[in-house]
Amino acid sequence: MTEDVKMETLEDAREFFGNDRFAKNAGMTIEEVGIRHSVIKLTLGDEHLNAMDALMGGVVCTMADFACAVASNFGTGTGQYVSSDAHVSFVNACRGKELTAEAVCIKSGRKLSYYEVAINDDTKTLIAKASVTMYRVG
C-alpha cells in the first residue's frame, strides 16, 4: 500500500478509483481532478435515503472522504494518502436530485494535508461542509 500512485489525467483517476468499490456502488463519479483538488458527483436515488426519506448523512460523509482521496492522491507522486480525521457540518436539507462535492487542499505538509469540502445539491444549496485531514502513508 505504500507504492506511489501515478495519475496524471482525469481518465487515470477514473481508472484507478474505479477500484473503489464503495464509492462506485454508491454511484459516485469523478468529474474534475487536479493537484490537490477534485469534484465528485452523485445522482441521488432511493438507496441514498434514510427511513425518513431524507438524504442519509453517511452519503455526505462518503462523498467528502472520496473527494479528498481523489484530490490528495492525484498527480502528487509522493506516496498514498488516507483519511486520518474528518468533521462534517450539515448545513441544509437536500432538496435536489444530485450532489456535488468539491475538495480543495488548504495546507499540504510533509505527512499531513488539510482539505475543505463543500457539498452542494443541484439547486445550488450548500448541504454540508467538511474538513478532512489526510495522512501520507508512504
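Just so we're clear, the structure is a prediction, and the values are computed from it rather than from any experiment.
- A side-chain N or O of Glu31 and one of Thr29 form a donor-acceptor pair less than 3.5 Å apart.
- Here the CD1 atom belonging to Ile30 is positioned 7.0 Å from the CZ atom belonging to Arg14, to the nearest 0.5 angstrom.
- Linking ILVMFWY side-chain heavy atoms closer than 4.5 Å, directly or via other members, places Leu42 and Phe90 in a single hydrophobic cluster.
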Inset, instruction - Assess whether side chain to side chain contact (heavy atoms under 4.5 Å, CB included) is satisfied between Tyr81 and Ser113, documenting all intermediate values. - result: CA-CA 9 Å; Tyr81 288 81; Ser113 297; 3.9 Å; yes

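- Looking at heavy atoms from C-beta onward, Ser83 lies out of side-chain contact with Thr133 at the 4.5 angstrom threshold.
- Side-chain N/O atoms of Asn92 and Thr125 include no donor and acceptor closer than 3.5 Å.
- Neither Val91 nor Met63 shares a network with the other; the hydrophobic side chains, linked directly or stepwise wherever heavy atoms of I, L, V, M, F, W or Y lie under 4.5 Å apart, form separate groups for each.
- Without hydrogens or angle criteria, Arg136 side chain to Arg110 main chain gives a donor-acceptor distance under 3.5 Å.
- When hydrophobic clusters are built by joining Ile, Leu, Val, Met, Phe, Trp and Tyr residues whose side-chain heavy atoms come closer than 4.5 Å, directly or via intermediates, Ile40 is grouped together with Met56.
- Within the 4.5 Å cutoff, the side chain of Gln80 has heavy atoms near those of the Asn73 side chain.
- Judged by distance alone, with hydrogens and angles left aside, the side-chain atoms of Asn120 form no donor-acceptor pair with the main-chain N or O of Thr100 at under 3.5 Å.
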Inset, instruction - Begin from the C-alpha positions of Leu44 and Lys97 and carry the test side chain to side chain contact (heavy atoms under 4.5 Å, CB included) through to its verdict. - result: CA-CA 5 Å; Leu44 297 173; Lys97 294 180 170 57; 5.5 Å; no

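- Side-chain polar atoms of His48 and Asp46 form no donor-acceptor pair below 3.5 angstrom.
- Checked against the 6.0 Å centroid criterion, the rings of Phe17 and Phe66 qualify as a close aromatic pair.
- In this structure, Ala130 and Val88 approach most closely via the heavy-atom pair CB-CG2, 4.0 Å.
- Within 6.0 Å of CD in Glu15 there are 12 or fewer heavy atoms belonging to other residues, nucleotides or ligands.
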Inset, instruction - Just do the side chain to side chain contact (heavy atoms under 4.5 Å, CB included) check on Asn19 and Arg21 with the steps written out, would you? - result: CA-CA 6 Å; Asn19 291 320; Arg21 276 115 20 229; 4.1 Å; yes

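- With a 4.5 Å cut-off on side-chain heavy atoms, Ser108 and Arg36 count as touching.
- One finds the SG atom of Cys68 at 10.0 Å from the CD atom of Glu116 (value rounded to the nearest 0.5 Å).
- Proximity of His37 to Val104: side-chain heavy atoms (C-beta onward) are separated by under 4.5 Å at one or more points.
- In the hydrophobic cluster analysis, where Ile, Leu, Val, Met, Phe, Trp and Tyr join through side-chain heavy atoms closer than 4.5 angstrom, Leu112 is grouped together with Val137.
- No side-chain donor-acceptor contact under 3.5 Å links Asp65 to the backbone of Thr62.
- Side chains of Cys105 and Tyr114 form no contact here, defined as non-hydrogen atoms less than 4.5 Å apart.
- Of the N and O atoms on the side chains of Ser89 and Lys129, not one donor lies less than 3.5 Å from an acceptor on the other residue.
- By the 4.5 Å heavy-atom criterion applied to side chains, Cys94 and Leu99 are counted as neighbours.
- The one candidate from Val60, Ile119, Asp121 that meets the side chain to side chain contact (heavy atoms under 4.5 Å, CB included) condition with Leu55 is Val60.
- Tracing side-chain contacts under 4.5 Å through hydrophobic residues (I, L, V, M, F, W, Y), one reaches Phe74 starting from Phe16; they form part of the same cluster.
- Contact annotation: the side chain of Met134 approaches that of Val132 to within less than 4.5 Å [non-hydrogen atoms, C-beta and beyond].
- Applying the 6.0 Å contact sphere to NZ of Lys24 captures no more than 12 heavy atoms from other residues, nucleotides or ligands.
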